[in-house]
Amino acid sequence: MAEIINGKELAKNIKQSLKQEVDKLKEDGIIPKLAVILVGNDEASKVYVRNKSKACNKTGIEYEEYILEETTQMDELLSLIEKLNKRADISGILLQSPLPKHLDINVAFRAIDPSKDVDGFHPMNVGKLVLGQDTFVACTPYGVMRMLEAYNINIEGKNAVIIGRSNIVGKPLVQCLLSKNATVTVCHSRTKNIEEITKKADLIVAALGKANFVKEDMVKEGCVVIDVGINRLENGKLVGDVDFEQVSKKASYITPVPGGVGPMTIAMLMENVVKAAKHQNI
């Protein structure tokens with residue numbers, strides 16, 4: 001039976017140590033502050049923003065929120081980002097995705113000052129990650145790497161399979177795993193015979209947004225399984241992309257949903273905000 005990777009507990013410990021760091025920074029006159037922009041009425045986004053606000057409160061990071069109408073135009077959004085870029089008291093800017101369809105999220109991400117891009121989505125920060133330079137790493141892949149580290153899971157020379165190729169998780173995670181000398185394969189919607197690939201994996205990261213997609217027969221004995229997915233079933237239950245009950249019988253380590261990767265994503269955001277505040281005050 002797999003050992004469960006407790007992201008909730010790990011995130012709590014990280015936030016506690018960040019709180020101490022933030023308190024010390026404040027003594028030196030450095031006050032980390034996060035500005036969050038939410039456009040429209042996406043219910044899931046509202047929940048995520050609320051969780052970010054709570055995390056800031058727990059770590060002592062100051063927090064500002066900008067809720068924009070669904071009908072907001074691109075020039076209005078860019079104008080707000082520009083104002084926040086110029087404000088010396090704002091350490092990090094987070095633009096909550098998804099945006100309403102008439103807005104171009106890539107243009108918006110490019111408008112954020114790379115030194116305030118605590119989500120790690122600006123092309124400059126993505127490029128630095130590819131080149132192995134110090135940068136802001138997207139919070140979910142960063143959280144996955146910290147989990148592996150915390151549980152002393154060595155991935156050097158191991159076969160890692162990522163299911164999903166999003167800009168938010170799959171692609172940056174490739175670089176994170178390569179930096180630790182894993183051999184990385186990416187599977188996606190056009191991949192043929194996914195089961196044949198996943199059966200050879202020492203580590204599987206499922207990030208495709210399909211409930212219970214990864215089944216027991218897709219996983220070899222002793223595989224480490226990280227479940228990034230969050231899916232709500234018709235009965236209201238939250239499940240991941242992995243059939244937890246079955247796969248946990250074969251895996252050596254597994255993350256639960258909820259309580260796995262999700263809390264770590266927010267903890268890493270807090271860490272990135274503190275890092276931004278320190279860099280801006282060197």
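Residue indices begin at 1 and follow the sequence shown. No experiment lies behind these values; they were computed from the predicted model shown.
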Joint cluster assignment, Val261 & Phe213, ILVMFWY side-chain distance < 4.5 Å: no
Exceeds 12 heavy-atom contacts within 6.0 angstrom, atom NZ of Lys26: yes
Intermediate values then yes/no, side chain to side chain donor-acceptor pair (under 3.5 Å), Lys58 and Gln16: CA-CA 8 Å; Lys58 281 191 177 140; Gln16 280 172 348; over 6 Å; no
The single option from Leu99, Thr72, Leu94, Ile81 passing side-chain contact (heavy atoms from CB on, under 4.5 Å) against Ile37: Ile81
Residue pair Val161 / Val205, side-chain heavy-atom distance below 4.5 Å: no
Short N-O contact, Asp89 and Arg87, less than 4.0 angstrom: yes
Qualifying ring pair (Phe, Tyr, Trp, His ring centres under 6.0 Å) pairs with a residue from residues 133-157, counting only residues at least two apart or across chains: none
Check against side chain to side chain contact (heavy atoms under 4.5 Å, CB included), Lys199 and Val219: CA-CA 5 Å; Lys199 274 180 192 165; Val219 178; over 6 Å; no
Check: Asp243 and Glu245 side chains under 4.5 Å, non-hydrogen atoms: yes
Pair Lys116, Gln280: side-chain N/O donor-acceptor within cut-off below 3.5 Å: no
Cluster link Leu173 to Ile194, ILVMFWY, side chain under 4.5 Å: no
Whether over 12 other heavy atoms sit under 6.0 Å from Lys200 NZ: no
Short N-O contact, Lys33 and Glu64, less than 4.0 angstrom: yes
Derivation and outcome, salt bridge (Lys or Arg N to Asp or Glu O under 4.0 Å), residues Lys24 and Asp28: CA-CA 7 Å; Lys24 281 187 188 142; Asp28 295 333; over 6 Å; no
Thr59 OG1 to Asp23 CG distance, which is reported to the nearest 0.5 Å: 9.5 Å
Cluster overlap Ile168 with Ile163, hydrophobic side-chain contacts below 4.5 Å: no
Check against side chain to side chain contact (heavy atoms under 4.5 Å, CB included), Cys223 and Ile254: CA-CA 9 Å; Cys223 182; Ile254 194 168; over 6 Å; no
Side-chain heavy atoms of His102 within contact of Glu70, under 4.5 Å: no
NZ on Lys210 to OG on Ser189, rounded to 0.5 Å: 8.0 Å
Lys250, NZ atom: more than 12 neighbouring heavy atoms under 6.0 Å: yes
Approximate separation, where rounding is to 0.5 Å, of Phe109 CZ and Asn167 CG: 9.0 Å
Residue of the set Thr198, Ile197, Val242, Val247 for which side-chain contact (heavy atoms from CB on, under 4.5 Å) holds with Ile204: Thr198
Single-linkage hydrophobic cluster Val257~Ile162, side-chain heavy atoms < 4.5 angstrom: no
Heavy-atom check, side chain of Val273 versus side chain of Cys56, under 4.5 Å: no
Salt bridge (Lys or Arg N to Asp or Glu O under 4.0 Å) contacts touching residues 260-282 (sequence neighbours left out): Glu21-Lys278, Asp134-Lys275, Arg146-Glu271
Pair Leu203-Ile226, side chain to side chain contact (heavy atoms under 4.5 Å, CB included): steps then yes or no: CA-CA 8 Å; Leu203 166 68; Ile226 307 286; 3.9 Å; yes
Gap separating the CE atom of Met124 from the CZ atom of Arg110, nearest 0.5 angstrom: 12.5 Å
Residues Asn125 and Thr135: side-chain donor-acceptor under 3.5 angstrom: yes
Flag side-chain contact, heavy atom, 4.5 Å: His188 against Leu208: no
Residues Leu38, Leu68; criterion side chain to side chain contact (heavy atoms under 4.5 Å, CB included); working and verdict: CA-CA 6 Å; Leu38 173 64; Leu68 306 182; over 6 Å; no
Lys220 bridged to Asp202 by N-O distance under 4.0 Å: yes
Pair Asn212-Asp241, side-chain donor/acceptor within less than 3.5 Å: no
